[in-house]
Chemist: 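Below is one structure. I have some questions about it.
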Amino acid sequence: MLALQSLTAARMAAEIPGVTLEEARKVLAALTRGEPLGAPIAGVRRITLEALRAHGSVPTLTVIDEAASREDPFRKLVLETHDGYRIETVRIPLEKAGRFSVCVSSQAGCALACAFCATGRLGLQRNLESWEIVEQVRLVRATLDRKAGQRVHGVVFQGMGEPMANIDRVIEAVQVLSEPSGLAIDARAVTVCTAGLPSGIRRLARECPRVRLALSLSSARPAVRRSLMPIDKAHPLEDVLEAAAEHARLTGMAPLWAVTLLQGVNDSDEDARALAALARSFAEKTGVRPRVSIVPYNRIDDATDPFHRVPDAGLEAFRDAMASAGIVPHVRYSGGHDVAAACGQLAGRVPAASPAASPALHEG
Ligand code: SF4
């Protein structure tokens, strides 16, 4: 049985016997409007509807909790897969009123064990299927007031899991999300964030050249990065940046570099200057200047968390030190802290303070 959310119109026509491309587009449009599978669709033959019912289904994820932040308009969904894994998805309000981005998970848990990340403490549970990624966007979309013009503008692969470790399903999901007769999300509004798997970066560049790349750096100083991100032992930053440079040359798009600042770990003047120097050298090599984001740390909220958030004055000092070295970073607002929806906090937990339910996030 095929999950119809994992199909573009072309794949639906190729894989379900007797379905024409035109009918497949109409079916996807109907599913996107929320119509049930098998209900009559103008311009779609009855024999096609029967083939869809015989070969396909529209499975979903169970919403365990939906937690709205009291601090900001972020909203987190905690979802459960059919085999009992919890994942988290975050609805992020964009600057333009009524527009939202969806931060999706690509795996239940994560094997990469970055020291500052709640998901990394879970270990890898399993890769998500492409329909499970797409379904997260559909479920967030269902929370919007579409009559009032609210809509999903973009998707960021920055929730639970390392997207490049599940790259086949991530690429399929991106293709489905940008399908014009379905959710129609412009691929240029999709960002895939990685802790640094060079082969995945190269595939993303080749197969989804309009999608933006984001890298979790942690530090431009190799020893500091390695202490925070074990993946650096297998794939040192130098190799990751070589793949990112190929991505930049092929796509012409500036990568986003994200650095979660940890007090006393990677927030010194020396760290700021090293990061600025690395960004300048990347720009010289590729002709594309990375967009550097400083992410304030969100504590994992348990007694074993060894890290502390850098106070606002320290964030300013770091930004100024980078600016005087020629690179002006952006300090990212990472919302939904009170419902553990902020970057680094996603772990499939239901927050105790929430009147409803909740899900988990990654640095990028
Ligand atoms: S930051 Fe991303 S790659 Fe690292 S452990 Fe968390 S989810 Fe995995």
Side-chain angles (χ1 to χ4, degrees), residues 76 78-79 85-90 92 102-128 132-133 136 155-167 169-170 173 191-201 204 212-219 224-237 239-240 243-244 255-262 265-266 293-302 304-307 309 332 334 336-337 340-349 358-364:
K76 171 168 108 164
V78 181
L79 305 170
Y85 294 110
R86 296 264 174 107
I87 57 168
E88 302 189 315
T89 306
V90 182
I92 302 172
V102 184
C103 175
V104 294
S105 295
S106 55
Q107 299 180 308
C110 181
L112 269 52
C114 301
F116 46 79
C117 172
T119 308
R121 295 181 171 202
L122 300 173
L124 178 64
Q125 296 167 337
R126 76 163 166 82
N127 283 335
L128 296 185
E132 292 173 312
I133 298 172
Q136 294 172 61
V155 172
V156 290
F157 285 78
Q158 198 176 312
M160 295 170 82
E162 165 53 58
M164 302 306 185
N166 188 19
I167 189 70
R169 302 288 92 83
V170 166
T191 300
V192 176
C193 179
T194 179
L197 296 186
S199 61
I201 294 172
L204 189 75
R212 192 174 293 281
L213 172 70
L215 294 178
S216 290
L217 250 77
S218 286
S219 177
V224 177
R225 184 171 203 268
R226 194 157 293 185
S227 71
L228 295 169
M229 302 180 77
I231 188 66
D232 191 83
K233 293 187 188 85
H235 300 292
L237 186 55
D239 297 352
V240 175
L256 180 74
W257 288 7
V259 176
T260 298
L261 275 199
L262 306 167
V265 177
N266 61 355
S293 259
I294 303 301
V295 186
Y297 182 58
N298 296 299
R299 277 176 65 78
I300 295 175
D301 195 26
D302 68 30
T304 61
D305 187 346
F307 302 119
R309 187 184 183 100
R332 183 193 300 170
S334 174
H337 182 262
C343 294
Q345 289 187 311
L346 299 188
R349 295 169 298 202
S358 104
L361 282 189
H362 160 126
E363 176 185 82

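Both ligands and their constituent atoms are indexed starting at 1 by order of listing. Here the structure is a predicted model, which means the values were calculated and not measured.
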Chemist: Suppose I only count heavy atoms of A195 and a 4.0 Å limit; which atoms of ligand 1 are within that range?
Modeler: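 Those of ligand 1 that fall under 4.0 Å from A195 are 3 (S).
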
Chemist: Would S216 count as a contact of ligand 1 if the rule is a heavy atom under 4.0 Å away?
Modeler: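 No, S216 has no heavy atom closer than 4.0 Å to ligand 1.
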
Chemist: What atoms of ligand 1 come within less than 4.0 Å of a heavy atom belonging to A113?
Modeler: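 Near A113, meaning under 4.0 Å from one of its heavy atoms, ligand 1 has 5 (S).
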
Chemist: Measuring to atom 4 (Fe) of ligand 1, does C114 have an N/O/S atom at a distance below 2.8 Å?
Modeler: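 It does: C114 brings an N, O or S atom closer than 2.8 Å to atom 4 (Fe) of ligand 1.
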
Chemist: Any atoms of ligand 1 less than 4.0 Å from a non-hydrogen atom of G120? List them with their elements.
Modeler: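 Result: 5 (S).
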
Chemist: Measure from atom 6 (Fe) of ligand 1 to each N, O or S atom of C117 and report whether any distance is below 2.8 Å.
Modeler: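 An N, O or S atom of C117 is closer than 2.8 Å to atom 6 (Fe) of ligand 1, so yes.
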
Chemist: Could you list the residues that satisfy side chain to side chain contact (heavy atoms under 4.5 Å, CB included) with I201, not counting sequence neighbours?
Modeler: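 Side chain to side chain contact (heavy atoms under 4.5 Å, CB included) check on I201 returns M164, T194, L213, L215, V240, A243, H247.
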
Chemist: Side chains of M229 and L112: closer than 4.5 Å at any heavy-atom pair?
Modeler: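 The answer is no, as the side chains (C-beta and beyond) never meet within the 4.5 Å cut-off.
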
Chemist: Using the rule side-chain contact (heavy atoms from CB on, under 4.5 Å), only one of S106, C103, S216, S105 pairs with Q158; which is it?
Modeler: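 Exactly one candidate clears the test, C103.
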
Chemist: Looking at residues at least two apart in the chain, or sitting in another chain, which of them share a side-chain hydrogen bond (donor to acceptor under 3.5 Å, both in side chains) with D232?
Modeler: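 Listed in chain order: R225, R226.
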
Chemist: Any donor and acceptor pair, going by atom type alone, linking the side chain of N166 with main-chain N or O of L128 inside 3.5 Å?
Modeler: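 Here the side-chain-to-backbone pair exists.
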
